[in-house]
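Have a look at the structure below, then the notes.
The shown structure was predicted, so the numbers you read here are calculated from the model rather than taken from an experiment. Here is the naming used below: chain letters follow the sequence lines, and residue numbers restart at 1 for every chain.
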Protein chains: 2
Amino acid sequence: MAPVNTILDRKLVFHSLGAVSEGLRMAEATCQQRGLQFTEIRRSVLECMWQSGQPIGAYELLRMLGQKFGRPLSPPTVYRALEFLQEQGFVTRIETKNAFVPCAFPDRDHACVFFICDQCGNSFEVQNAKAEALFEEDAGNLGFRIDKRVIELQGACASCLSLEATGN
Amino acid sequence: MAPVNTILDRKLVFHSLGAVSEGLRMAEATCQQRGLQFTEIRRSVLECMWQSGQPIGAYELLRMLGQKFGRPLSPPTVYRALEFLQEQGFVTRIETKNAFVPCAFPDRDHACVFFICDQCGNSFEVQNAKAEALFEEDAGNLGFRIDKRVIELQGACASCLSLEATGN
DNA sequence: GCACGAAATGTTATAACGTTGCATATCGAA
DNA sequence: TTCGATATGCAACGTTATAACATTTCGTGC
């Protein structure tokens with residue numbers, strides 16, 4: 001492991017199961033504060049995402065919710081909930097997977113870097129202020145105004161690499 | 001405009017019309033060198049993409065090629081050509097648009113940053129070695145091996161911003 | 001409580017994007 | 001020219017996402 005100071009200016013979060021209830025509480029509190037409805041569907045969608053621990057597709061959410069509610073839901077229902085959760089910063093879309101993850105940094109402006117393991121499917125979310133600054137510099141040179149950043153780095157995570165090394 | 005030295009370590013390319021024939025020549029030469037077939041379909045797909053000047057979807061390519069060939073082509077035909085062109089580094093997929101652009105840096109390992117204007121649709125491709133180094137550092141700390149980078153920055157380009165400023 | 005507008009959800013259909021599987025044709029080298 | 005490898009044709013299907021409109025629920029002022 002690298003020395004601690006190299007990651008001092010970054011926070012790092014693994015989408016672990018332990019974060020489920022905390023993530024939900026946070027979202028609920030934020031909605032209340034903003035005067036928005038944290039409805040059962042929205043809550044359930046977010047809950048499924050935290051429980052999944054991996055990027056999860058809209059149609060898989062649809063199936064899970066169908067089970068949970070005991071009746072079939074339709075795509076617009078799920079997509080509307082996802083749209084709301086994204087607007088509020090509770091959820092981020094993983095473009096390279098057509099899938100969604102609960103956001104570990106809802107406070108910040110979604111300038112996160114995602115490391116996505118192609119083998120196990122896990123995603124790791126990192127904030128990297130220096131990279132943001134570099135992109136802003138490029139943007140300045142181009143006269144470009146950045147509204148949204150999508151940074152997805154695909155490859156193999158530490159645990160999959162070590163499994164590979166020990167002979168699969 | 002910012003001082004030149006801030007972009008010294010980067011190349012910058014606008015997907016301009018003038019680059020069409022050069023892009024095609026380069027692809028053809030590279031295929032010959034690699035012993036690969038630069039067939040009419042592959043060539044036509046790449047040509048459409050260079051001519052478009054913007055990220056272009058597979059089904060729009062399909063329509064354009066249908067016109068050009070005077071008969072309808074099927075989705076697999078286009079997707080197979082796109083797959084080939086991506087493998088050879090002539091084309092990059094823009095994940096946030098489900099679209100494709102001809103690659104301005106086919107020699108490098110696709111570690112490009114795309115600035116994509118939401119208003120006019122144009123895309124700008126930039127190489128930023130420093131950002132790459134930062135991500136590699138993060139990856140090192142995570143024990144992660146990066147195989148593929150997707151970096152797409154959405155917003156408003158200089159010309160659209162200036163149009164906006166002068167009263168739409 | 002109730003009336004009313006705003007917000008959320010239900011429902012149906014369809015658009016947009018991408019893949020599978022197998023048949024046929026073309027290329028390139030022995 | 002024969003044969004394997006590569007490329008294309010083609011039909012059907014799978015997946016992801018949205019449009020359009022009806023209905024229900026929520027929150028507020030009376």
Side-chain angles (χ1 to χ4, degrees), chain A residues 27-28 31-46 48-49 52 54-66 68-88 90-101 121 150 152, chain B residues 27-28 31-46 48-49 52 54-66 68-88 90-101 121 150 152:
Chain A
E28 182 158 25
C31 282
Q32 191 146 27
Q33 187 181 321
R34 294 178 186 169
L36 302 170
Q37 301 179 44
F38 193 56
T39 64
E40 190 183 1
I41 287 180
R42 290 170 180 174
R43 188 194 148 83
S44 299
V45 167
L46 189 56
C48 286
M49 293 174 66
S52 150
Q54 303 199 341
I56 183 175
Y59 277 71
E60 190 178 345
L61 280 170
L62 203 50
R63 282 185 288 273
M64 293 172 72
L65 293 170
K68 179 167 183 170
F69 283 82
R71 66 187 164 99
L73 299 192
S74 57
T77 301
V78 166
Y79 280 102
R80 282 188 288 230
L82 287 170
E83 184 184 10
F84 172 85
L85 295 170
Q86 285 180 267
E87 282 167 1
Q88 299 310 314
F90 305 145
V91 158
T92 304
R93 183 184 158 83
I94 302 291
E95 300 287 344
T96 49
K97 301 281 184 196
N98 292 337
F100 303 83
V101 291
V150 174
E152 300 175 11
Chain B
E28 183 158 24
C31 282
Q32 191 146 29
Q33 186 180 323
R34 294 178 186 169
L36 301 170
Q37 302 178 44
F38 193 57
T39 64
E40 189 182 2
I41 287 182
R42 292 170 178 173
R43 187 194 148 84
S44 299
V45 167
L46 189 56
C48 285
M49 294 174 65
S52 152
Q54 302 199 341
I56 183 174
Y59 277 71
E60 190 177 346
L61 279 169
L62 204 49
R63 281 186 288 275
M64 293 173 72
L65 293 170
K68 178 166 182 172
F69 283 81
R71 66 188 164 97
L73 299 193
S74 58
T77 300
V78 165
Y79 280 103
R80 283 189 287 232
L82 287 170
E83 184 183 10
F84 172 85
L85 295 169
Q86 284 180 269
E87 283 167 1
Q88 299 311 315
F90 304 146
V91 158
T92 303
R93 182 184 159 85
I94 301 293
E95 299 288 342
T96 50
K97 300 283 184 196
N98 293 337
F100 303 83
V101 291
V150 173
E152 300 175 10

Any side-chain heavy atom of B:Arg80 sitting closer than 4.5 Å to one from B:Ile41? no

Shortest non-hydrogen contact between B:Pro75 and B:Tyr59, atoms and distance: CG-OH, 3.5 Å

Contact letters for nucleotides 6-14 of chain D, in which S counts primed atoms plus P, OP1 and OP2 and B counts the base, heavy atoms under 4.0 Å: SSBBBB---

Mind checking the CZ-OG spacing from B:Phe100 to B:Ser52? Nearest 0.5 Å is all I need. 12.5 Å

So, using side chain to side chain contact (heavy atoms under 4.5 Å, CB included) as the criterion, who are the partners of B:Gln32 when residues are at least two apart? none

Min and max contacting nt of DNA chain C in 5' to 3' order, chain B heavy atoms within under 4.0 angstrom, are C:dC17 to C:dC27

Excluding sequence neighbours, so at least two apart, what forms side-chain hydrogen bond (donor to acceptor under 3.5 Å, both in side chains) with B:Thr96? B:Glu152, B:Gln154

For A:Pro72, which residues count as a side chain to side chain contact (heavy atoms under 4.5 Å, CB included) partner, sequence neighbours excluded? none

Could you tell me the separation between the CD atom of A:Gln88 and the CD atom of A:Glu83, rounded to the nearest 0.5 Å? 10.5 Å

Report the distance from atom CD of A:Gln32 to atom C1' of D:dC26, rounded to the nearest whole Å. 15 Å

Pairs in or reaching into residues 35-45 of chain A: which pass salt bridge (Lys or Arg N to Asp or Glu O under 4.0 Å), with residues at least two apart or in two chains? none

